[in-house]
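As structure tokens, the structure follows; a few thoughts come after it.
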There are 2 protein chains.
Amino acid sequence: MKISNKPTVTAQDVARLAGVSRAVVSRALSNNGSVSPQSRARVEAAARQLGYQVNFLAQGLNRQRSQLIGVVVARLTDPFRSTLVNALLSAIQARGYQALVTEITDEQETGLSLRRFVQFRVSGVIVTSGQPPESIVRECIEHHIPVVGINRAQSGPSMDVVCSDNQAGAMLAASQLRKAGCQSFIWLNYQGSTWAGRARGEAFHHALAEKGIALRELQATQDGYEGGFLAAQRHDLLPRQATTGVFCANALLACGFLDGMRQQGKNAPTDFHLIGFDNTPQTAWESYQLTTIHQQVDVLAAKALDCLHERAKHPELAARVIPVAVELVHRRTSPCTTEQTGTL
Amino acid sequence: MKISNKPTVTAQDVARLAGVSRAVVSRALSNNGSVSPQSRARVEAAARQLGYQVNFLAQGLNRQRSQLIGVVVARLTDPFRSTLVNALLSAIQARGYQALVTEITDEQETGLSLRRFVQFRVSGVIVTSGQPPESIVRECIEHHIPVVGINRAQSGPSMDVVCSDNQAGAMLAASQLRKAGCQSFIWLNYQGSTWAGRARGEAFHHALAEKGIALRELQATQDGYEGGFLAAQRHDLLPRQATTGVFCANALLACGFLDGMRQQGKNAPTDFHLIGFDNTPQTAWESYQLTTIHQQVDVLAAKALDCLHERAKHPELAARVIPVAVELVHRRTSPCTTEQTGTL
DNA sequence: TTGAAAGCGATACCAT
DNA sequence: ATGGTATCGCTTTCAA
């Protein structure tokens, strides 16, 4: 088969066919500046006829800004991450942008990703993993590229953050476990946890401390499902005299922990109560039916984009932290209590 | 906080500082053409000093090609998809490219995505979901942009395809189930399945037909976990007189089916045998321990990129289908049989 | 409203 | 080896 070498159609070609100048073509197609109705019609006809497509590279070069939005993510195989990225992609495309995605395997790479994004003159950057060095965030800002983090610590004055309400999540969990009659509490997290995990732990700690209750911290030595599974191997987890409520930093840990306990012959909610974070699809599966704190990924995504948009217009604004509400999803590992009296 | 308006550093600035021309800067930094060692050193020093970063938009415009690779994906929340995309991102970045990812919610959108990719002058396109219209693939080819599909039907003469060996997978499944003593067979697939699912079903059918064995087709009315779960609700699935072997088109269906059967009080491998496809992380979880056909996502990703690379050099080559080996992972829903004599 | 022209920033060819 | 220059394709003043 012969490959035809049909040359690219440029605005010049459209102009020629429409009998106008390239300037008019540009204005007509981008709805910028004024064009007479008849010129516009002729341009549109010509463009359609030739199958003209704007060259985004040239457009971006000229405008000093591409229709690209950079997204940094790590371990996309984590179901929560992929759910979040999925929501981000939808939101990004719905607003007419394209996602430039980089996967990092190491926190250090975040900075390199941002640099790369600058080189593409992206319209904004969304960081879902890793903590970019303040200096590199500033490089972005100097190029008028807004940066927003999702579910991470606010670092420095240049990056906005959209964050699920970890406090509220921890409160909901504490409240539910107490209503369910738990008197002994465990907080399970990976020892090398991300900031979000630690924040949830602290909030859980505080929520209980307010009631004068202490909790036990269980550190998983691995991340993810395996970490939770192994953490459940310890034999001194469930005291005889009190029902134990376990709160996990994320869904994978929770699933692993549940399976680990079952292997020990213990199950929820009979032998203990269990609440996770994230509400990933698997937590709803029949084998788990995990009570969990739901994160509204679509809201996180939407607010992140709003944030980029606003900051592009007002670069001088102080960095903000935008909270997103979470919800408690009642499932079997800590069923809904009928009593409505809990005050926590 | 004041936002400094530091102007962008261009090759011109580097040239000035290094006391050479822009041309030399370009050559030195891209290792193209010849530059004296001392010039090179001065350029590199100047570039570092100024923090110079190539503008990829300008570079791409000039070279008619960006360091971008377009990836089309649907339903990233499916664990197999996110695993695959994860592997693709790694491979793409390892080769010095950046991934431009578009999510489609409808097969129709594939074409639009490809068009968008052309506008960014990507170096290649990888389609993991949807079937692009041949006409649009040709548009890409005319722009010298190679297109490769992963796990899909070869459509038309312009698109290469990298594909897990569905035949082999089905054979492995059939062989395992027979060795395990199954005499009755079920093929479970979503009724609106993708091409890959259907291909697996046909291959399973053939593998059994060769031995004169018929199979029963079970059509899930929904996709994913729920589809499998609901499919298991039918009460006539397991005949009394023979052990039944079930093969599922993908991992989600298999997990759902297993949970559905358990709800009926039936479990694998005691009441039936079950094999899935994909080997997603969840199939290894303790609650499932699904015997499954493993897809080597990293190999799929690597071959896809090889493909793009080769085709960029030889656009006239006939479209190829590149098979990737699959492996049977023995787990509990159809344990490894010790006998070594089975010939299928 | 329209068109001419000056960039945007980098690259590659072609003399030197 | 080096530098001048045309070029990639589009956008946006600025005059007319």
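Just the heavy atoms: all of them, side chains too, but no hydrogens, waters or symmetry mates, feed the values below.
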A side-chain contact here means heavy atoms from C-beta on lying under 4.5 Å apart; do B/L89 and A/L76 qualify?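 Yes, side chains in contact.
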
At less than 4.0 Å, is any side-chain N or O atom of B/S21 found next to OP1 or OP2 of D/dG3? Yes or no.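 Yes, B/S21 has a side-chain N/O under 4.0 Å of OP1/OP2 on D/dG3.
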
Are a donor atom and an acceptor atom from the side chains of B/S113 and B/T110 found within less than 3.5 Å of each other?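 Side-chain D/A pair, B/S113 to B/T110: absent.
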
Is it the case that the side chains of B/E103 and A/S90 hold a donor-acceptor pair, with the cut-off being a distance below 3.5 Å and no angle test?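 The answer is yes; a qualifying pair exists.
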
With a cut-off of 6.0 Å (strictly less than), are more than 12 heavy atoms of other residues, nucleotides or ligands near OH of A/Y97?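 Open.
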
Set out, line by line, the N/O atom pairs under 3.5 Å between protein and nucleotides 8-11 of chain D.
residue: D/dC10; atom: OP1; partner: A/Y52; partner atom: OH; Å: 2.4
residue: D/dC10; atom: OP1; partner: A/N55; partner atom: N; Å: 3.4
residue: D/dC10; atom: OP2; partner: A/A11; partner atom: N; Å: 2.6
residue: D/dC10; atom: O2; partner: A/N62; partner atom: ND2; Å: 2.9
residue: D/dT11; atom: OP1; partner: A/Q59; partner atom: NE2; Å: 2.7
residue: D/dT11; atom: OP2; partner: A/S26; partner atom: OG; Å: 3.0
residue: D/dT11; atom: O4'; partner: A/N62; partner atom: OD1; Å: 3.0
residue: D/dT11; atom: O4'; partner: A/N62; partner atom: ND2; Å: 3.2
residue: D/dT11; atom: O2; partner: A/N62; partner atom: ND2; Å: 3.1

Check whether [X] reaches the backbone of [Y] with its side chain - one donor and one acceptor, N or O, closer than 3.5 Å.
| X | Y | result |
| --- | --- | --- |
| B/D160 | B/R320 | yes |
| B/Q119 | A/V54 | yes |
| A/Q98 | A/Q67 | no |

Return the set of residues passing side chain to side chain donor-acceptor pair (under 3.5 Å) with B/R40 (not counting sequence neighbours), or none when no residue passes.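 Scan of B/R40 (side chain to side chain donor-acceptor pair (under 3.5 Å), adjacent residues dropped) gives B/N31.
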
Going 5' to 3' along DNA chain C, which are the first and last nucleotides with any atom under 4.0 Å from a heavy atom of chain B?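 Extent of the interface on DNA chain C: C/dG9 to C/dC13.
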
Base, sugar-phosphate, or nothing: which does B/S34 touch, judged by heavy atoms less than 4.0 Å apart?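 If one applies the 4.0 Å heavy-atom cut-off, B/S34 turns out to touch a base.
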
